K.L.:
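Sharing a structure with you now.
When a ligand or atom number is given, it counts from 1 through the structure's own listing order. If you read the sequence from its start, that first residue is 1, and numbering goes on from there. Model, not experiment: these values are computed from the prediction.
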Amino acid sequence: MSKFRLKMSRLKGEQVASQFGFEALPVDPFKIAKDESIVVEAKKPDREGMSGCIVFNDDGVGIIYATHIRSEGFRRFTVAHELGHYFLEGHPEEILKTAPVHFSKAGFTQGHSSIEIEADHFASGLLMPTRLTREALYGAPVGLEGIQHLAGEAETSLTSAAIRAAECAPYPMAVVVSQGDQIAYGFMSESFKRLDRLRFLRKGDPLPYTATRSFNSEEENISSRKSICGSTRLAEWFGGEKTIALEEEIVGLGSYGYTLTVLSSDLLAGDPDEFEDEEEKLVASWTPRFAYGR
Ligand SMILES: [Zn+2]
């Protein structure tokens with residue numbers, strides 16, 4: 001799975017949002033499905049862990065999302081993920097090789113096939129296009145508050161907003177999702193990666209002995225969605241030589257069972273980086289190719 005393909009999947013999501021006329025948040029995947037004459041239904045899942053599925057029939061395309069999904073944000077993400085299997089180049093063909101139906105587990109879970117990960121990145125780009133995401137982040141304080149603002153504007157879950165925010169934050173920011181004393185995954189913004197020579201966090205790495213680790217030792221903190229703010233140093237999480245102080249904002253993700261940690265600093269959030277320009281050039285250079293796709 002190349003990083004390039006993931007980026008292209010995300011950009012395709014952004015492009016579909018714009019093609020269907022969404023120039024402001026929130027982007028509505030239900031409306032896009034309707035405009036494409038795709039029938040969307042809620043159904044009780046007949047497979048464990050299934051978030052939704054897409055069906056390619058002779059008489060049309062249908063999307064089903066699981067009724068057990070209570071969060072509106074995750075429903076929207078699920079429908080956007082299924083739209084990814086419809087819009088991404090090669091996905092319908094790949095699915096139809098085995099059956100006219102594909103069952104999904106949306107939401108950046110580990111150990112997925114490549115089309116699942118690509119569909120997640122598509123969904124992320126569709127619901128939170130780069131320009132609109134950066135605008136939402138500019139309109140709020142640095143860190144967790146910015147992510148909460150983005151999740152509200154984009155009508156997504158806090159977790160998917162956090163991942164997207166870390167990908168395109170205009171300032172140094174890292175987000176870490178953890179459970180117990182282990183890291184589930186972590187994302188850093190481009191300018192965060194440049195702070196020092198850092199190591200990447202991997203699934204299963206032990207959490208450093210910071211406020212997040214003590215937060216996780218109390219089950220109640222996670223289930224009651226408690227939120228606290230501590231302070232930490234860059235090197236405690238990522239190694240490196242420099243002494244850089246960071247805010248460590250922590251929030252329990254409720255029944256999801258995980259904890260979200262946001263690492264950022266007002267002091268580091270000075271000049272916006274040049275990420276946007278590169279990104280726009282890349283979108284422009286790929287647009288003709290997309291236009292001939294589905
Ligand atoms: Zn899928």
K.L.:
Measure from the Zn ion (ligand 1) to each N, O or S atom of C53 and report whether any distance is below 2.8 Å.
P.N.:
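Not a single backbone or side-chain N, O or S atom of C53 is under 2.8 Å from the Zn ion (ligand 1).
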K.L.:
Need one value: angle at the Zn ion (ligand 1), S104 atom OG versus H85 atom NE2, rounded to 10 degrees.
P.N.:
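S104 OG and H85 NE2 form an angle of 110° at the Zn ion (ligand 1).
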K.L.:
Hey, could you give me the OG1/CG distance between T78 and L83, rounded to the nearest 0.5 Å?
P.N.:
11.0 Å
K.L.:
Taking salt bridge (charged side-chain N to carboxylate O under 4.0 Å, His left out) as the cut-off, I'd like each qualifying pair that reaches into residues 16-28, sequence neighbours left out, listed once.
P.N.:
E23-R131
K.L.:
Output all residues satisfying side chain to side chain donor-acceptor pair (under 3.5 Å) with T232, sequence neighbours left out; order by chain, then residue number.
P.N.:
E236, W237
K.L.:
Could you walk me through whether R76 and S71 pass the side chain to side chain donor-acceptor pair (under 3.5 Å) check?
P.N.:
CA-CA 9 Å; R76 291 160 52 83; S71 129; over 6 Å; no
K.L.:
Specify whether an N/O/S atom of E116 falls short of 2.8 Å from the Zn ion (ligand 1).
P.N.:
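Short answer: yes, at least one N, O or S atom is under the cut-off.
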